[in-house]
Amino acid sequence: MGGGGHALHGGQVNGRGFAVGGALAGTLEILLFHPWDTSAKRLMVNSKPLVPIGRAFLQEIQAGSVGIKTGKLNAATISDMSACVTGAWRVILGDAAAPGTSASKRLSTLYPGAGYAMGYKACQRSYQYTAQPLLAAWLDQTGVFKEAFGGRERSYRHAVAGAMMGAGEVILLPLDSLKVRAQTGTLPRGDSLVTTLLSDGIKGAWRGVWWTAARNVVGSLTFFGGASLMKEHVLGLEEHSQTTWYENMHASSIGSFTSVLIASPFDVVKTRLQRQMKQVVAADALRPSHTTIRTGMEIARDMWQTEGARAFFKGCIPRCCVVCPKLMFSYTMAQYLYPLLGLDKL
């Protein structure tokens, strides 16, 4: 990643070092950031305006139908901004948003699918932080980028290596789908990877594969390319393997922020695609009963017509709050763990 050379041994990229360090960083990442990711996913799949949701929720509280009745909240006079925040609170926490709910119960509602997430994220980060530097090293050996860009080739090489790595990441999509369904409440209790494969089939397990690939390619290109550009042109580092904790944090901050914004439209459509379960349509005069699943283009067109362009950036605020720190954290932790655990000697 971004040229992190802490897992170099004898001038060669140590794949096992990157894999172990990436897996450890990914596991720690889920423990800290999963609630924020759950919040973003629930906002993404919500198709209703937040202001009416917030006002309706406040009216329920005033009437005493949910939580603890309070006279401090007035649904009629509260501002749209406050109603929007209240609506987001309701969408994210569901019934646990009611006044009087304990903090521990609210927190527990933000950790559904944590087991799937931990497995997915450990595999994802291990794959990312192994494949990207290996691909970057291979591209360096070809000499193509040096011929095309001269002394400024490193940032472009790492960006392209990130895009190539991102395209292959779709192999982990079934685990991601289970995580998304658990987070958004469409995963039946007790379902596992095996039962999902049996009920949805291979096609269903990899539903949204092209949208995921597009998101990964765009996101990985901007993340790894941005981090490398930051190291080379802002921090003035000629040798990436000597970067400090502080320098890795700053380099990954630019890459992570731009990757979230650019990849957001693909991510929203992907999330709505993944959470779909097969719906049985009753028989009519023309066709017998059948199941229906909307395509990504149908979802995107529906979003544009009913929710507007802003729908493609739903969940951006919590995603920036979670994805940027997550990427910064896992990037920096991976670089830090390699020498700390002696992985460069594997």
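Atom set for the values below is all heavy atoms of this structure, side chains included, hydrogens, waters and symmetry mates excluded.
No more than 12 heavy atoms of other residues, nucleotides or ligands shown are found within 6.0 angstrom of CG on Asp95. When the shell of 6.0 Å around CG of Leu32 is examined, it contains more than 12 heavy atoms from other residues, nucleotides or ligands. Within a 6.0 Å sphere centred on OH of Tyr111, other residues, nucleotides and ligands contribute more than 12 heavy atoms. Under a cut-off of 6.0 angstrom, the local environment of CG in Leu261 is crowded, with over 12 non-hydrogen atoms contributed by other residues, nucleotides or ligands.
Annotation: side chain of His34 is in contact with side chain of Thr38 (closest heavy-atom distance under 4.5 Å). Considering only heavy atoms from C-beta on, Gln183 stays 4.5 Å or farther from Met44 through its side chain. Contact of the Phe312 side chain with the Ser264 side chain is not registered, since no non-hydrogen atoms from C-beta on lie closer than 4.5 Å. With contacts defined as side-chain heavy-atom distances shorter than 4.5 Å, the pair Trp89/Arg106 qualifies. For the pair Ile92 and Leu110, the minimum side-chain heavy-atom distance is below 4.5 Å.
When all heavy atoms of Ala163 and Ser220 are compared, the pair lying nearest together is N-CB, 4.3 Å. The minimum heavy-atom distance linking Gly296 with Val269 is given by the pair O-CG1, 3.7 Å. What you find for Met297 and Trp211 is that their closest heavy atoms are SD-CZ2, 3.8 Å. The two atoms that bring Ala161 and Ala136 nearest to each other are CB-N, 3.6 Å, heavy atoms only. Heavy atoms only, all atoms of each residue included: Gln274 and Ser177 are closest at NE2-OG, 3.1 Å. Across all their heavy atoms, Val268 and Ala311 have their closest contact at CG1-O, 3.7 Å.
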Could you walk me through whether Leu31 and Met118 pass the side-chain contact (heavy atoms from CB on, under 4.5 Å) test, one step at a time?
CA-CA 8 Å; Leu31 292 174; Met118 204 168 292; 3.6 Å; yes

From CA spacing to verdict: side-chain contact (heavy atoms from CB on, under 4.5 Å), Val160, Phe145
CA-CA 10 Å; Val160 172; Phe145 284 82; 3.7 Å; yes

Residues Leu43, Val91; criterion side-chain contact (heavy atoms from CB on, under 4.5 Å); working and verdict:
CA-CA 7 Å; Leu43 287 172; Val91 168; 4.1 Å; yes

Could you go through Lys121 and Phe33, starting from their C-alpha distance and side-chain angles, then the distance that decides it, and tell me whether this counts as side-chain contact (heavy atoms from CB on, under 4.5 Å)?
CA-CA 11 Å; Lys121 195 59 64 176; Phe33 297 109; over 6 Å; no

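For Lys41, the salt bridge (Lys or Arg N to Asp or Glu O under 4.0 Å) criterion is met by Asp37, not counting sequence neighbours. For Val51, the side-chain contact (heavy atoms from CB on, under 4.5 Å) partners are Arg55, Asp80, Ala83, Cys84, not counting sequence neighbours. Residues passing the side-chain contact (heavy atoms from CB on, under 4.5 Å) test with Thr212, sequence neighbours excluded: Val170, Leu173, Arg215, Asn216, Lys270.
Residue Ile53 holds its CD1 atom at 9.0 Å from CZ of Arg90, rounded to the nearest 0.5 Å. Atom CG in Leu107 sits 10.0 Å away from atom CG in Leu93 (nearest 0.5 Å). The line from OG of Ser39 to CD1 of Ile317 is 12.0 Å long, rounded to the nearest 0.5 Å. The structure places CD of Gln141 at 9.5 Å from NZ of Lys146, a figure rounded to the nearest 0.5 Å. With values rounded to the nearest 0.5 angstrom, Ile262 atom CD1 is found 13.5 Å from Phe223 atom CZ. Remark: Lys179 NZ to Tyr120 OH distance equals 6.5 Å, nearest 0.5 Å.
Follow the hydrophobic side-chain contacts under 4.5 Å out from Met230 and you never reach Phe257; the two are in separate clusters. Note on Phe149 and Leu139: same hydrophobic cluster, where clusters join Ile, Leu, Val, Met, Phe, Trp and Tyr whose side-chain heavy atoms are under 4.5 Å apart, directly or indirectly.
Under the side-chain contact (heavy atoms from CB on, under 4.5 Å) rule, Glu307 has a single partner from Arg310, Met303, Gln305, which is Met303.
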